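Below is one structure, written out as structure tokens; comments come after it.
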Amino acid sequence: MQAQLLDSKPSNFTRADSLRGSLRPERSHFDVLKYNLDISLDIKNKSIQGFNEITAKVLKEQRFMQIDLFKNMQIDSVIYKGKTLAYEREANAFFIDFEKKLPAEKQIVFSVYYSGKPKVAVNAPWDGGFIFSKDKNGNPWVSVAVQGTGASLWYPNKDHLSDEPESARIHVSVPNGLMNVSNGRLVGKKAISPDLTRWSWEVKNPINNYNIILNVGDYTLIKDEHKGVDLHYYVLSYNEDKARQHFKEVKPMMDCFYEKFGAYPFIEDSYKLVETPYLGMEHQSAVAYGNQFNNGYLGRDLSGTGVGLKWDFITIHESAHEWFGNSISASDIADLWIHEAFTTYAESIYVECRWGKEDALKYLYGIRANIENQSPIIGTYGVNHEGSGDMYYKGANMLNTLRSIIGDDKKWWDLLKAFSLNFKHQVTNTQEVVDFFEVHTSVEVSPIFYQFLNYPDLPELQIKEKQGKLVGRWVADVPNFSMPIRLGNQQKNKVFDLTSQWQTIDFDLSLDEIGYPRAEYYIRFKRIKK
């Protein structure tokens with residue numbers, strides 16, 4: 001889903017932005033290994049209380065450690081080896097004083113006890129926070145969505161995308177009669193008082209902070225299986241029959257994504273769709289689903305072509321994030337395109353698997369209407385700043401342009417799967433991704449990536465007549481930009497490797513006759529006439 005920070009680049013940032021987005025010494029000296037989150041949810045008062053037990057490995061000697069928790073939440077105590085530690089707060093961060101330097105290579109376990117009323121979302125998932133609602137039977141229905149805003153909105157953690165715990169346990173105590181669904185697998189259910197039941201879940205794979213989730217409601221579980229993956233659907237009790245029919249789409253989706261990206265990356269934790277009171281979010285192994293069992297995007301086609309009404313946007317888009325965003329994660333939110341461009345492109349891949357390449361190209365061409373080309377896709381590093389929302393539709397069309405440049409579908413699908421498998425369960429960045437594609441193609445693709453990602457304008461192909469012949473060149477922000485492109489018409493065409501210098505286009509077509517396959521390349525095209 002589009003996260004909460006889709007504004008254009010601000011001209012300045014605050015100290016709080018740096019605390020949230022940068023890897024300062026108090027943050028970079030340790031690696032989180034595990035979260036053991038245990039909270040009780042007071043639905044009536046919209047509050048939580050509990051603790052997060054954090055297991056970490058010390059990488060460099062350091063006395064102070066930064067942990068993040070929104071300033072409206074109360075830190076009750078920090079406990080290490082049975083002793084209460086001092087800390088100092090600054091904005092949404094606090095600095096724990098371990099009293100002496102922790103030695104490198106040491107593994108430590110400490111707990112942060114806390115309580116408070118977390119921020120309530122005004123318009124989830126775009127506005128981060130808790131969602132306290134009711135189902136149509138009047139039962140409480142609660143969830144949270146914090147991508148971009150930060151998981152420290154509701155629990156203490158090292159709130160930076162570069163550091164994912166290798167595993168997690170999530171325990172949530174809720175009123176009897178309600179169920180909590182979190183990530184991974186259910187490992188325990190225990191009555192802890194006459195009124196409360198504690199639901200315990202375990203995640204055995206790396207997981208980023210904003211994916212850790214709770215979902216509380218009157219849920220029914222539907223069980224299925226496909227390709228060795230447990231498919232679990234948690235839906236409101238009165239939607240069971242509807243969900244059984246609608247979620248049949250998951251199996252052909254899995255077939256498609258297995259073929260193109262490799263096996264589901266979190267088999268140990270199962271695949272879940274969890275009905276939520278907001279539209280959706282890619283919560284790992286507990287994908288939030290709120291599309292009301294409609295095809296399209298709440299019944300609308302984002303492409304305007306009709307193709308988008310053949311399938312459920314939320315099921316396909318959010319599930320594709322299991323490969324791109326959850327398995328492969330960006331180390332800084334400025335590189336969020338790695339999550340969103342590949343996932344949006346995966347929508348067209350699903351279309352191609354089900355209905356063919358023509359429909360896939362039609363869909364990709366249609367979603368261009370949503371592209372603004374006003375600001376860069378990459379944001380500012382180190383300050384928790386996303387780039388343009390064009391990371392979705394423009395990013396997908398950038399990838400389809402790369403496919404057309406490579407010009408060999410077998411090579412393209414092999415490359416995409418190799419990328420997915422090579423970067424599985426890894427945190428990465430733009431440079432590493434671009435380098436991978438550069439090394440594994442016979443075409444120089446880095447200038448193309450950098451033009452699309454770092455500049456608002458598309459590369460423009462200019463063609464004119466000169467001394468009775470056609471000549472062409474690229475105009476782009478990236479110096480010495482070059483890119484091969486197929487030119488001609490439907491009857492005859494061939495690939496020309498054009499640069500930023502005027503070059504002869506040796507083709508027996510007039511200026512008015514020559515063109516390019518518009519759905520396959522996302523560029524500007526200009527015929528220059530005297």
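What you see is a predicted model, and the numbers here were worked out from it, not measured in a lab.
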Exercise for the section: Can you label the angle between the Tyr345 ring and the Trp412 ring as parallel, tilted or perpendicular, going by 30° and 60°? Expected result: perpendicular
Per-pair distances, 0.1 Å, donor-acceptor, side chain in residues 462-473, under 3.5 Å, sequence neighbours excluded:
| residue | atom | partner | partner atom | Å |
| --- | --- | --- | --- | --- |
| Gln462 | OE1 | Arg473 | NE | 3.1 |
| Gln462 | OE1 | Arg473 | NH2 | 3.1 |
| Gln462 | NE2 | Glu460 | OE2 | 2.8 |

Practice task
Answer yes or no: is there a side-chain heavy-atom contact under 4.5 Å between Leu231 and Glu225?
Solution key: no
Problem - Glu268 side chain to Asn205 side chain, donor-acceptor N/O pair below 3.5 angstrom - result: yes
Handout entry: Side chains of Thr343 and Tyr392, donor plus acceptor under 3.5 Å
Key = no
Problem - Other residues, nucleotides, ligands: >12 heavy atoms within 6.0 Å of Lys357 NZ - result: yes
Problem - Rounded distance [0.5 Å steps], CG in Asn12 versus CG in Asp17 - result: 9.0 Å
Handout entry: Sub-6.0 Å ring centroid separation between Phe525 and Tyr516
Key = yes
Completion exercise
Ser510 meets the side-chain hydrogen bond (donor to acceptor under 3.5 Å, both in side chains) criterion, sequence neighbours left out, with Glu513
Handout entry: Flag for Ser285-Asp269: side-chain donor and acceptor within less than 3.5 Å
Key = no
Handout entry: Residue among Phe419, Tyr350, Phe342, Phe257 satisfying ring pair (Phe, Tyr, Trp, His ring centres under 6.0 Å) with Trp323
Key = Phe257
Problem - Donor on one side chain, acceptor on other, Lys248 and Gln245, under 3.5 Å - result: yes
Handout entry: Axial cation check for Phe70 ring with Lys119, 6.0 Å and 45° limits
Key = no
Practice task
Return the set of residues passing side-chain hydrogen bond (donor to acceptor under 3.5 Å, both in side chains) with Asn480 (not counting sequence neighbours), or none when no residue passes.
Solution key: none
Practice task
Compute the ring centroids of His385 and Phe13, then answer whether they are less than 6.0 Å apart.
Solution key: yes
Exercise for the section: Return the set of residues passing salt bridge (charged side-chain N to carboxylate O under 4.0 Å, His left out) with Lys310 (not counting sequence neighbours), or none when no residue passes. Expected result: Asp359
Handout entry: Check: Thr430/Asp335 side-chain N/O donor and acceptor closer than 3.5 Å
Key = yes
Practice task
Please say whether more than 12 non-hydrogen atoms of neighbouring residues, nucleotides or ligands are located less than 6.0 Å from NZ in Lys204.
Solution key: no
Practice task
Flag the pair Pro277 / Ser143 as yes when at least one side-chain heavy-atom distance between them is below 4.5 Å, and no otherwise.
Solution key: yes
Exercise for the section: Taking atom NZ of Lys494 as the centre, report whether more than 12 heavy atoms of other residues, nucleotides or ligands fall under 6.0 Å from it. Expected result: yes
Practice task
Compute the centroid of each ring, for Tyr289 and then for Phe247, and state whether the two points are separated by less than 6.0 Å.
Solution key: yes
Problem - Under-4.0 Å salt bridge between Lys227 and Asp255 - result: yes
Exercise for the section: Assess whether atom CD of Glu358 is packed by more than 12 heavy atoms of other residues, nucleotides or ligands within 6.0 Å. Expected result: no
Practice task
Could you label the plane-to-plane angle of the Phe436 and Phe423 rings as parallel, tilted or perpendicular, counting under 30° as parallel and over 60° as perpendicular?
Solution key: perpendicular
Please list every donor-acceptor pair under 3.5 Å in which a side-chain atom of residues 481-491 meets a protein atom from a residue at least two apart or in another chain.
| residue | atom | partner | partner atom | Å |
| --- | --- | --- | --- | --- |
| Arg486 | NH1 | Asn493 | OD1 | 2.9 |
| Asn489 | OD1 | Gln491 | N | 3.0 |
| Asn489 | OD1 | Lys492 | N | 2.9 |

Problem - Donor-acceptor side-chain pairing of Asn397 and Asn400 below 3.5 angstrom - result: no
Problem - Set of ring pair (Phe, Tyr, Trp, His ring centres under 6.0 Å) partners for Tyr363, sequence neighbours left out - result: Trp311
Handout entry: From CD1 (Ile67) to CG (Asn92), nearest 0.5 Å
Key = 13.5 Å
Problem - For Lys424, side-chain hydrogen bond (donor to acceptor under 3.5 Å, both in side chains) partners two or more places apart - result: none
Exercise for the section: Taking salt bridge (charged side-chain N to carboxylate O under 4.0 Å, His left out) as the test, write out the residues that go with Arg527, two or more places apart. Expected result: none
Practice task
Using a strict cut-off of less than 4.0 Å between a Lys/Arg side-chain nitrogen and an Asp/Glu carboxylate oxygen, indicate whether Asp163 and Lys158 qualify as a salt bridge.
Solution key: yes
Handout entry: Test item: side-chain donor near acceptor, Glu432 and Thr428, under 3.5 Å
Key = yes
Exercise for the section: Answer yes or no: is there a donor N or O on one side and an acceptor on the other, between the side chain of Gln451 and the main chain of Asp457, under 3.5 Å? Expected result: yes
Practice task
Could you list the residues that satisfy ring pair (Phe, Tyr, Trp, His ring centres under 6.0 Å) with Tyr258, not counting sequence neighbours?
Solution key: none
Problem - Distance-only side-chain donor-acceptor flag, Glu249 / Thr315, under 3.5 Å - result: no
Exercise for the section: Begin with the C-alpha distance, continue with both residues' side-chain angles, and end with the deciding distance and a verdict on side chain to side chain contact (heavy atoms under 4.5 Å, CB included) for Tyr234 and Glu275. Expected result: CA-CA 6 Å; Tyr234 287 87; Glu275 190 175 2; over 6 Å; no
Exercise for the section: List for me each residue that meets salt bridge (charged side-chain N to carboxylate O under 4.0 Å, His left out) alongside Arg24, sequence neighbours excluded, and say none if there are none. Expected result: Glu26
Problem - Donor + acceptor pair across side chains of Gln503, Thr499 (<3.5 Å) - result: yes
Completion exercise
Sorted by chain and residue number, the ring pair (Phe, Tyr, Trp, His ring centres under 6.0 Å) partners of His246 (sequence neighbours excluded) come out as Phe293
Practice task
Mind telling me whether Phe266 and His425 have parallel, tilted or perpendicular rings, with 30° and 60° as the class edges?
Solution key: parallel
Exercise for the section: Answer with yes or no whether the side chains of Glu318 and His283 bring together a donor and an acceptor at under 3.5 Å. Expected result: no
Problem - Partners passing side-chain hydrogen bond (donor to acceptor under 3.5 Å, both in side chains) against Gln431 (at least two apart in sequence or in another chain) - result: Asp435, Tyr450
